[in-house]
Asker: 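The structure's right below; bear with me while I get my questions together.
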Amino acid sequence: MNITIEHLLFSYPNTDRALFQDFSLYVQGPGVCALLGPSGCGKTTLLRLIAGFLKPQAGTLSVEGPLSYVFQESRLFPWLSIIDNVSLPLFQRVSKTEAREKALFMLEQVGLADKAFDKPAQLSGGQQQRVSLVRAFLCPASVMLMDEPFQALDVPLRIQLMDLFLRLLQDKPRLVLAVTHDPREAIYLADRTIILQGQPLNPVWDKKILLSRDERCYSSPAHAELEAQMFAVLTAVSA
Amino acid sequence: MNITIEHLLFSYPNTDRALFQDFSLYVQGPGVCALLGPSGCGKTTLLRLIAGFLKPQAGTLSVEGPLSYVFQESRLFPWLSIIDNVSLPLFQRVSKTEAREKALFMLEQVGLADKAFDKPAQLSGGQQQRVSLVRAFLCPASVMLMDEPFQALDVPLRIQLMDLFLRLLQDKPRLVLAVTHDPREAIYLADRTIILQGQPLNPVWDKKILLSRDERCYSSPAHAELEAQMFAVLTAVSA
Amino acid sequence: GLTAQTTPITVYTLKGPSGVGMVKLFEAPPQATGYTIMIEALAQADLMAAKFLSGEAQVGILPANMAAKLASSGKDISVAAVIGQGMLKLISADPTVRSITDLKGTSIEVAGQGATPDYVFRRILHNYKLDPEKDVQLGYALAYPEIAQSLIAGKIKLALLPEPFATMALAGNKDLKVVGDIQAEWVKAGGRENYPMTVLVVSRDLAQKHTAALKAIYEAVENSIVWVTGHPAEAGALVEKYNLGIKAPVATVAIPKSSYVFIPAPQARPSLEALFSAFLEYAPQSIGGKLPSDNFYLDVKPIHE
Amino acid sequence: MNKREFFWGIGGVFVLLVLWELGSRVLASDILLPDPRKTLVTLVGLIGTQKFMKALGMSLVRILISMTIAIPVSLLIGIPSALNWRIRAFMRPFFLVIAATPVLSIILIAFIWFGQERTPIFSAFLMMFPILTSNIMAGIQSADPKLREVLDLYNLSELQRLRYLYIPSLLPYMIAGLHSALSLCWKVVVAAEVIVQPRFALGTGMQMAKAQLETIELIAWTIATVIMAGLTESVFLAIKKLFMYREGAL
Amino acid sequence: MNKREFFWGIGGVFVLLVLWELGSRVLASDILLPDPRKTLVTLVGLIGTQKFMKALGMSLVRILISMTIAIPVSLLIGIPSALNWRIRAFMRPFFLVIAATPVLSIILIAFIWFGQERTPIFSAFLMMFPILTSNIMAGIQSADPKLREVLDLYNLSELQRLRYLYIPSLLPYMIAGLHSALSLCWKVVVAAEVIVQPRFALGTGMQMAKAQLETIELIAWTIATVIMAGLTESVFLAIKKLFMYREGAL
Ligand SMILES: Nc1ncnc2c1ncn2[C@@H]1O[C@H](COP(=O)(O)OP(=O)(O)OP(=O)(O)O)[C@@H](O)[C@H]1O
Ligand SMILES: Nc1ncnc2c1ncn2[C@@H]1O[C@H](COP(=O)(O)OP(=O)(O)OP(=O)(O)O)[C@@H](O)[C@H]1O
Ligand SMILES: [Mg+2]
Ligand SMILES: [Mg+2]
């Protein structure tokens, strides 16, 4: 349940500068590691490298166990109903009926039980985001990659879903690597937070978050303090 | 530069309950009006009704002048370069060279000048979001509809873009209707904020924001206070 | 300056066996003062019919029934002469079939449903009290070359073939035999001598206004046919040279076995009418429903001494 | 097809008839192009005859058989070819031979192997197969690579990939291919029937009419063919609509 | 086509030759299906002749002309038909007539109007037009309605809509249609050449070979046709690749 990256070199074809140069990272599971960084610095690329969708030009990369992935766009199959979209990862493992039952249960949890038999095009942006979250939750993976999983959701719903997510993680520990733009989300969820800088990618801030659940609340002073720190780093990185 | 909606009735085909029932709203320009509300309550649908992409089943709806629209997804033309995507709204009005010059100037402002001749698929999520923002900015519209225009961007960049946006609005006043999930964004930008509740859609909170620029800063106490108020309303609406 | 105005006329002939008799015209086109006479070969009889119908063709060759059909449709054309007679052979790979009477219960490949050989054969069968719907089965699936190929390869047993395909088939497979004499059977069945297949057709307009040209063409065609029948080897070479669709050796062998003739219309009338009556019996509409009128047969006196 | 569409369609037919009438006046020959009124009278007369109805029925049967063969075969060969470059490169010579070999060159072998009744089916297959496979291959290549990544991630089997990604992606292409193949099919079947002349066939009727230069009858048979093509196309469009509706695309 | 693809393609050709060899042994008759070796020798001999090269060249010219006519015409008619239901309903009878009318039924008129050199072009047009239009229409219907809304919003002109949305959307469909039309085109042009026999034409050569029972020569002409179809297809694929590359899709 670990991710080990060593001396990674990567650049997209036909681009002049390397996005990753001698990049190393070691993340140990179980737990949630949040990744923050300016837009375009290479966060999504990092996740895609880990998932094996991109091949590094040099360096080693090792991940164990089956993966699940919440993509930055929702990536639903337009011709499948919501319930089929969600139960897709299970089709290989359990019977269709069982997969659908599990899917329906999870859809209920995120308030979408009544949309189970609709097509993705009939859902709002936030609802599609929730569906793609549920799809990744359902896959019994030991490593979970998430690219801005709670975007497009209003704040109360976001907190509610994060609570659900934490509960699920307690039941079945996993290693979660979550890209986010919102320091508050990172504080609420993560055991470790990394702030990345681009060109080439390198971590400028890498901290364990050792707050209690209560201290992680948006309104707690500890939260506010940490947020201010992170904000300062992010601003520095951005400039 | 006004939007007038009266007794609007609307539901999607093949759905049982009306999304809008006797919904009325009057927004006066110039200025920014922020719309908040739980996921799936009908915010995008409202913008699409205003833009004329959907036809109400009853009620009247009047908007003046040309519109521009930042869609919830970035909706770029995959086969056009970024600069062509951005200058598209201008092709009808000015020469291609002029349109491209303007486009390049705006792309510089959002830090994407070096991506001008790339295709959308070569951009990161946040970069695509910026491109679609620029496209809407460039269109000389008197009414601007925005569906979560600053999502997928890191906080410092988001503030930087909001500042740019406010500067542009000062140069050329418009009526802006902006959907957002982030109360802080609403406080930073808006002259008026509406929180909506769904099933059917109705405003539960409708306030002018009369803070100074300084007070709107994320770190100011006035901001924090207003945010706490709005958060309470949103949580109530969500439940 | 002044240039001599000449009227262009194209003589149309057909590729394949029908056109062989006129091959000399390619070598030496007819000459007539005031006219430029050219010769061109078309691929198929119905394309020739189209040329006549559109008025592009003033003189050319056609199967006799098509000429009658065109005339009956109101086209002002006449037959000047019969230039080719049918040379059909019934070919058998089945040793038990030795005469027409043995055909009962067999199936025979006959190319070209609705064309002259079909009706000639039907009339002969009828003469032997064989009903083509019941007693024998006539197959129309293959064209002449394919029938010959199938005969040689032993895939079919019986077929009615014209020259030069009959010769080709017989040369390709020693087991093949000719059954009976279709031409003689035709006479027995009520025909007059050998039945006419191909006729030289001229538009009446040409006949009336361009007598000199017509005379030149008429004589050239006659001379060509006489020459071809007399010189199969030389003619065969010309046939290949002008791309008429038959190789020199095949043409050389087939010419003596084919019946290239030149019978002026007045003399040919009885045998043409005998053929037409067979058509009237089986498919009246293919000659326009009635025997052609008198002026279908060109009065050749002004051009023929 | 709704009422208003029908109205515009009738307009099209009317203009077509006018053009035909004009054409026949210009050519002024019943053998080249008979005038529409006479032809329609002949057509109506023809429709009553048993020969005609049998010919129509048998030709329709041939069309349907050739479809039921061509569709699965082209899926079975086209899909693996699209997914695997080795198979694609290996099959290319076969595709070329099937698409470009003139029927004339192999008519005798086709006749020997398939007989009179089935040669038209074979010849229709030779025309439909390349249309369908090239559309199937384009359809599969149009599959969204982002969705392919999702399937990769969850280790779905090849069959599941087909079911969830490739078949839905190729459907619009397949439908476009079928649409053109279906209309062309009538032309091709009839052309082959003209050559081999099965006992009951539209093509046999045409060949007889043509041999006798009975153009009026020939055109009447042709109109019958076009009308049948129109009917089969309408059925196809109705099925397509139903299907699209069930798939939620409409 | 890279080296490895070429290797697999050769494999396909080899299997094809083996099948042919087997077929010719089963039929055991040179006049039905000659064996491949003899045929290839004949083909090589044929290639040297002037008659052959001229025939090849002229048939190729006919293919190219029919493409240069069919592509713009089908775009010009297909695009408005796809965009407007009135035009679509109005044009439907024309599409049907063009697609389903057997060439045989109108060969006389075609021959009168187009002559023997151009009738094969006309006949190829009749085959390509329905394939291209049905693919064009499907391509335009595949245009993303979300992008259409963007164009609506910014009031772009019809021409700009074409340029920025419809043409890019229909391209993959158009390419699929062209791909199948191009291979079938050879077959159709040759078939028409067999009927009207232009002076220099592959079809004329085939018909001559056939009439002389020269099956070996007939098959040699056929192979030449298939090879030419393969060459034109390779050129097409190369252009497509270049194009895709420029468009950034690869
Ligand atoms: N095409 C459609 N057909 C049927 N129902 C639809 C369709 N589009 C949206 N809906 C439903 O209408 C409701 C409102 O959708 P809308 O997209 O307006 O929500 P929203 O307020 O923008 O939500 P979000 O913040 O998640 O984007 C949702 O419940 C959604 O499921
Ligand atoms: N397919 C591609 N080809 C070329 N360049 C690309 C491609 N995809 C991404 N890039 C570039 O690589 C850089 C990193 O992209 P990536 O998507 O990883 O950013 P990100 O950190 O996820 O940003 P965001 O927060 O905006 O999503 C960006 O500058 C982007 O323009
Ligand atoms: Mg990203
Ligand atoms: Mg929305």
Side-chain angles (χ1 to χ4, degrees), chain D residues 4-6 8-9 11-13 16 27 31-33 85-86 89-97 99-105 108-109 112 127 130-131 134-135 137-138 141-142 172-173 175-177 179-180 183-184 186-187 190-191 194 203 206 210 215 218-219 221-222 225-226 229-230 233, chain E residues 1 4-6 8-9 11-13 16 27 32-33 85-86 89-97 99-105 108-109 112 127 130-131 134-135 137-139 141-142 172-173 175-177 179-180 183-184 186-187 190-191 194 203 206 210 218-219 221-222 225-226 229-230 233:
Chain D
R4 290 184 310 166
E5 274 172 21
F6 185 74
W8 282 89
V13 172
L16 207 59
L27 287 168
I31 292 180
L32 288 178
L33 188 61
W85 67 263
R86 280 186 196 84
F90 180 81
M91 292 305 291
R92 215 182 137 205
F94 293 86
F95 289 153
L96 271 176
V97 166
T101 303
V103 179
L104 168 102
S105 303
L108 188 52
I109 298 175
I112 289 172
M127 187 276 309
I131 300 181
S134 88
N135 274 32
M137 287 165 75
Q141 273 156 21
S142 82
Y173 285 80
I175 288 172
H179 193 171
S180 44
S183 340
L184 286 174
W186 281 92
K187 168 155 61 191
V190 164
V194 162
M206 282 188 192
K210 188 163 160 60
T215 311
L218 173 67
I219 302 283
W221 283 99
T222 307
T225 311
V226 171
E233 194 198 33
Chain E
M1 196 163 58
R4 290 184 309 165
E5 273 173 21
F6 185 72
W8 282 89
V13 171
L16 208 59
L27 287 169
L32 292 180
L33 187 61
W85 67 264
R86 280 186 195 84
F90 180 82
M91 291 306 291
R92 215 181 137 207
F94 292 87
F95 289 154
L96 270 176
V97 166
T101 303
V103 177
L104 169 105
S105 303
L108 294 187
I109 302 174
I112 296 289
M127 185 276 307
I131 299 181
S134 88
N135 274 31
M137 287 162 77
Q141 273 155 21
S142 81
Y173 286 79
I175 287 172
H179 194 172
S180 46
S183 341
L184 285 173
W186 282 92
K187 170 156 62 193
V190 165
V194 163
M206 283 189 194
K210 194 175 162 74
L218 172 66
I219 303 283
W221 282 101
T222 306
T225 311
V226 172
E233 195 197 33

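Any value given below was found using the heavy atoms of this structure, including those in side chains, with hydrogens, waters and symmetry copies removed. Naming: A, B, ... by sequence-line order, numbering from 1 per chain.
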Asker: Identify which part of E:L27 has an atom lying under 4.5 Å from any heavy atom of chain D, answering side chain, backbone, both or neither.
Answerer: side chain
Asker: Select, from D:T101, D:V13, D:L32, D:T225, the one with the greatest count of heavy-atom pairs under 4.5 Å involving chain E.
Answerer: D:T101
Asker: Go through E:S142, E:G12, E:G9 and name the one with the most non-hydrogen pairs under 4.5 angstrom from chain D.
Answerer: E:G12
Asker: Would you please name every residue forming a side chain to side chain contact (heavy atoms under 4.5 Å, CB included) with E:P172, sequence neighbours left out?
Answerer: D:Y173
Asker: Calculate, to the nearest 0.5 Å, the distance between atoms OG and CG belonging to D:S134 and E:N135 respectively.
Answerer: 7.0 Å
Asker: Please report the shortest heavy-atom distance between E:I131 and D:S180, naming the atom on each side.
Answerer: CA-CB, 3.6 Å
Asker: Say whether, by atom type as modelled, one donor and one acceptor occur between the side chain of D:S183 and the main chain of E:A100 under 3.5 angstrom.
Answerer: no
Asker: Relative to chain E, which segment of D:I109 carries a heavy atom at a distance below 4.5 Å: side chain, backbone, both, or neither?
Answerer: side chain
Asker: Please rank E:M206, E:M127, E:R4 by heavy-atom pairs under 4.5 Å with chain D and give me the top one.
Answerer: E:R4
Asker: Quick one: closest heavy-atom pair of E:P130 and D:L184, and the distance?
Answerer: CG-CD2, 3.8 Å
Asker: Could you check if a side-chain atom of E:L104 sits within less than 4.5 angstrom of a side-chain atom of D:V190, using non-hydrogen atoms only?
Answerer: no
Asker: Of all residues at least two apart in sequence or in a different chain, which pass the salt bridge (charged side-chain N to carboxylate O under 4.0 Å, His left out) check with D:K187?
Answerer: none
Asker: Chain E: which of D:S105, D:A191, D:A138 shares the most heavy-atom pairs with it under 4.5 Å?
Answerer: D:S105
Asker: Do you know which of D:F90, D:F94, D:W186 has the most heavy-atom pairs under 4.5 Å to chain E?
Answerer: D:F90
Asker: Passes salt bridge (charged side-chain N to carboxylate O under 4.0 Å, His left out), E:R92 versus D:E233? Steps please.
Answerer: CA-CA 10 Å; E:R92 215 181 137 207; D:E233 194 198 33; 2.9 Å; yes
Asker: Measure distances from D:V97 to the heavy atoms of chain E and classify the residue's part below 4.5 Å as side chain, backbone, both or neither.
Answerer: both
Asker: Need one label for D:L108: side chain, backbone, both or neither, based on atoms under 4.5 Å from any heavy atom in chain E.
Answerer: side chain
